[in-house]
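All values below come from the heavy atoms of this structure, side chains included, with hydrogens, waters and symmetry mates left out. Predicted model only: the values in this text are computed from it and were never measured. Letters A, B, ... are given to chains in the order of the sequence lines, protein chains preceding strands, and every chain is numbered from 1.
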Amino acid sequence: MSIYVDANTRVLVQGITGGAGSYHARQMVAYGTKVVGGVTPGKGGTKVDEIPVFDSVSQAVKATGADATCIFVPAPFCKDAILEAVDAGVKLIVCITEGVPVLDMLAVKPVVDRAGVRLIGPNCPGLISPSGRCKIGILPASIHQPGHIGVVSRSGTLTYEAVAQLTELGLGQSTAVGIGGDPVAGTGFIEVLQAFQDDPDTEAVVLIGEIGGSAEEKAAAFVKAHMTKPVIAFIAGRTAPPGRRMGHAGAIISGGEGTAESKIKCLNENGIDVAETPADIGATLAKRIGWRK
Amino acid sequence: MKIHEYQAKAVLASFGVAVPRGGLATTPEEARTVAQGLGGAVWVVKAQVHAGGRGKGGGIKVCKSLDEVRDKAAAVIGMTLVTPQTGEEGRLVRKVYIEEGLAIARELYVAMVMDRETCRIVLMASTEGGMEIEEVAAHQPERIHKEFIDYSVGIQPFHVRNTCAALGLTGVAAKRAAVFLPALYKAFVDKDASLAEINPLVVTADGDLLALDAKVNFDDNALFRHPDIAGLRDTDEEDPLEVRATAHDLNYIKLSGDIGNLVNGAGLAMATMDTIQHFGGSPANFLDVGGSADRERVKAAFEIILSDKPKAILVNIFGGIMKCDVIAEGVVAAARDVGLTVPLVVRLQGTNRDAGREILAKSGLRITPVESMREAAEAVVRASKGG
């Protein structure tokens, strides 16, 4: 089993006729994801391989029964794309696009929340369930393997790093979720942690955070109060200078807050082991759960 | 994106935020002319650099005659201004802003910023104007009043009333605030600001309310819809290598160490720096080539790293969208073009890893290929120390 997605999830790709959209739609299909349609306004009636393309999300949902969507449209159009998907009744929206204005997300988030829709991202790699053979996003499928570890991360490539180490150790994954590096994200650590806690197939969780904001501190308090499953963490950015935006819009130490040290201290105080370097993420989890390859 | 004080005031004034009268000058004579045009008996000469704490560094001068304006401007233009925010190297002052002097009764603080936790725009206000707000937050957090504004409905009269009460603004000043604060909010949302800080906000002897200083930063992601704001960028205020990187869509930040690194993904790039430091090295830069880099961009990234003269370079790529063979081609092309002499450690993982490794192996370049992050960091630290 898994969280948010499974073998029955029916996925649309918004922006399917673009370079990234078509490439990753094919990769998703190759993995086993049920990509039932694509949406590009003005390209309705055409096809990408065998995938039918529609002019609007509502047409696509009506024709295909899709319940999830993966958004690749350029950043200036993401607000529209997300709101259109909400309006069409899609229940899971994964927004891969990087560079969405913060105020667009402030406008979108209350609408998404009110509609009871799960939005993951933007600026994220998406999610993958190896046992459900469902991938929505851009994560490299080959490094994943079915298993019982949940992974949740603010960083794409660090997620891959962690997953590859887990797989190398023989620790497969129930679901890996990249929640994205933007200051306003559709889904936060706590919601994913709760889902992993409730998922009978997840036995332990790897949490990957970075400097900026206080999401990791909140997550640490949540783990202590509400989780019975073991959680380990890694925090990127010990060497990041204050006041500089480290690539991700959300990764910035401001006013002395959001440093790696304070996050690591807080995680430790709440009983969460933190890997010393990214190279130790897999080993830290293995040690925590008493796993030997 | 950051802009200068004089630019911030012009943007804010266009929304109806009250600011003192002033003008820009790049020469002492021009400064005198601006002051003459403003009239009055007191002027302030303010160095225009992208850093706070200018007063402490001697970048702000109060003048009582037109000749003094000229002389103080002559002293400030061309000086290297060192403030707590510029670092030791300081900033070259290229222009000054000349403002009318005001009869100041009180100095307050207001700012707007996006609050990540509540997903609202927070209006912060404090009676401790002129202080660094971080200091106030650390030692007297009760002195900072906050109003949380829901973006879908915008600033409401009660936000203004509550703020006035917290600042002790009554009468004329409260009436001015009822114009000032909504105007500041409108400027913030209409121009996609990430920070609008008025420190100090002054109350004059007449009860007027004006922005004596203004710092406005903008959301880089929203600049596409504000060409006017994007046009205010002053590349003189940025590191030349960072300017070059931006032109190639690279996320690059110069640091003080001697190990260059080229990574894909911001999180992995930060983690790579951390790992280098963990094993006793010192990173020269942060560089995320992004998810969709092509050969040309990788080459540009490589050249930027090399122009900082590192002692060794680490390439750490975990291919997702990014394909390892593309990275490898860029690295080889750049290394050939510049006649690479420093040790190069390369780690390729993920999509098309084997093809990438083969390109490196066949290149004939002196490259140390490694498998894991630990090996990568250890190897590059050793190389940087001549080992």
Quiz item: Do A/Glu210 and A/Lys263 sit within salt-bridge range, that is, some charged N less than 4.0 Å from a carboxylate O?
Solution: no
Quiz item: Pick from B/Ile253, B/Asp288, B/Leu255: which one has the most heavy-atom pairs with chain A under 4.5 Å?
Solution: B/Ile253
Quiz item: Is it true that atom CD of B/Gln156 has more than 12 heavy atoms of other residues, nucleotides or ligands lying nearer than 6.0 Å?
Solution: yes
Exercise. Determine, step by step, whether B/Thr275 and B/Arg374 satisfy the side-chain hydrogen bond (donor to acceptor under 3.5 Å, both in side chains) criterion, reporting the C-alpha distance in whole Å, the side-chain angles of both residues, the deciding distance to 0.1 Å, and the verdict.
Key: CA-CA 8 Å; B/Thr275 312; B/Arg374 179 186 295 272; over 6 Å; no
Self-check item: Neighbour count >12 (heavy atoms, 6.0 Å) for atom NZ, B/Lys186
Solution: no
Quiz item: Measuring heavy-atom distances to chain B, does A/Pro183 have an atom under 4.5 Å in its side chain, in its backbone, in both, or in neither?
Solution: both
Exercise. Sort B/Asp219 into side chain, backbone, both or neither according to what part of it lies under 4.5 angstrom from a heavy atom of chain A.
Key: side chain
Quiz prompt | Gap between atom CZ of B/Phe318 and atom CD1 of B/Ile327 - 0.5 Å precision | solution = 13.5 Å
Exercise. Can you tell which part of A/Ile235 gets under 4.5 Å to a heavy atom of chain B, answering side chain, backbone, both or neither?
Key: backbone
Quiz item: Passes side chain to side chain contact (heavy atoms under 4.5 Å, CB included), B/Met112 versus B/Val122? Steps please.
Solution: CA-CA 6 Å; B/Met112 289 183 188; B/Val122 56; over 6 Å; no
Quiz item: What parts of residues 257-269 of chain B touch chain A if we use heavy atoms and a cut-off under 4.5 Å?
Solution: B/Asn264, B/Gly265, B/Ala266, B/Gly267, B/Leu268
Quiz prompt | chain B contacts, top residue of A/Ile143, A/Asp104, A/Thr159 (heavy-atom pairs, under 4.5 Å) | solution = A/Asp104
Quiz item: So which part of A/Leu139 gets closer than 4.5 Å to some heavy atom of chain B, the side chain, the backbone, both or neither?
Solution: neither
Exercise. Tell me, out of A/Glu98, A/Gln165, A/His24, A/Gln27, who's got the most heavy-atom pairs with chain B below 4.5 Å.
Key: A/His24
Quiz item: For B/Ala245, which residues count as a side chain to side chain contact (heavy atoms under 4.5 Å, CB included) partner, sequence neighbours excluded?
Solution: B/Leu250, B/Tyr252, B/Ile304
Quiz prompt | Heavy-atom pair count under 4.5 Å with chain B, highest-scoring of A/Leu158, A/Ile138, A/Thr277 | solution = A/Leu158
Exercise. Output the option from A/Arg154, A/Arg238, A/Glu276, A/Met246 having the highest count of non-hydrogen pairs under 4.5 Å with chain B.
Key: A/Met246
Quiz item: What part of A/Val111 gets closer than 4.5 Å to chain B, counting heavy atoms only: side chain, backbone, both or neither?
Solution: neither
Practice problem: Measure A/Ala107 against the heavy atoms of chain B and call it side chain, backbone, both or neither at under 4.5 Å. | Solution: both
Quiz item: Considering only heavy atoms, which portion of A/Arg245 lies under 4.5 Å from any heavy atom of chain B: side chain, backbone, both, or neither?
Solution: both
Quiz prompt | Check ion pair B/Arg120-B/Glu147 (N to O, under 4.0 angstrom) | solution = no
Quiz item: Who wins among B/Arg225, B/Gln349, B/Gln277 for the most heavy-atom pairs under 4.5 Å with chain A?
Solution: B/Arg225
Practice problem: Using a strict 4.0 Å threshold on nitrogen-to-oxygen distance, state whether B/Glu238 and B/Lys2 make a salt bridge. | Solution: no
Quiz item: With the threshold set at 4.0 Å, does a side-chain nitrogen-carboxylate oxygen contact exist between B/Glu237 and B/Arg91?
Solution: yes
Exercise. Pick whichever of A/Ile211, A/Val184, A/Val102 has the most heavy-atom pairs under 4.5 Å with chain B.
Key: A/Val102
Self-check item: Which portion of B/Asn251 sits near chain A, non-hydrogen atoms under 4.5 angstrom
Solution: side chain
Exercise. Before accepting this row, confirm whether a basic side-chain N of the pair B/Arg347/A/Glu161 lies closer than 4.0 Å to the acidic partner's carboxylate O.
Key: yes
Exercise. Mark yes or no: B/Lys191 above the aromatic ring of B/Tyr185, with NZ or CZ under 6.0 Å from the six-membered ring centre and no more than 45 degrees from the axis.
Key: no
Quiz item: Does any heavy atom of chain A fall under 4.5 Å from the side chain of B/Met114, the backbone, both, or neither of them?
Solution: side chain
Exercise. Report the C-alpha distance between B/Glu135 and B/Arg143 in whole Å, list the side-chain angles of each, state the deciding distance to 0.1 Å, and finish with yes or no for salt bridge (charged side-chain N to carboxylate O under 4.0 Å, His left out).
Key: CA-CA 11 Å; B/Glu135 288 288 306; B/Arg143 294 278 175 95; over 6 Å; no
Exercise. In sequence, state the C-alpha distance, the side-chain angles, and the governing distance for A/His248 and A/Asn123, and then conclude on side-chain hydrogen bond (donor to acceptor under 3.5 Å, both in side chains).
Key: CA-CA 8 Å; A/His248 286 158; A/Asn123 190 12; 4.6 Å; no
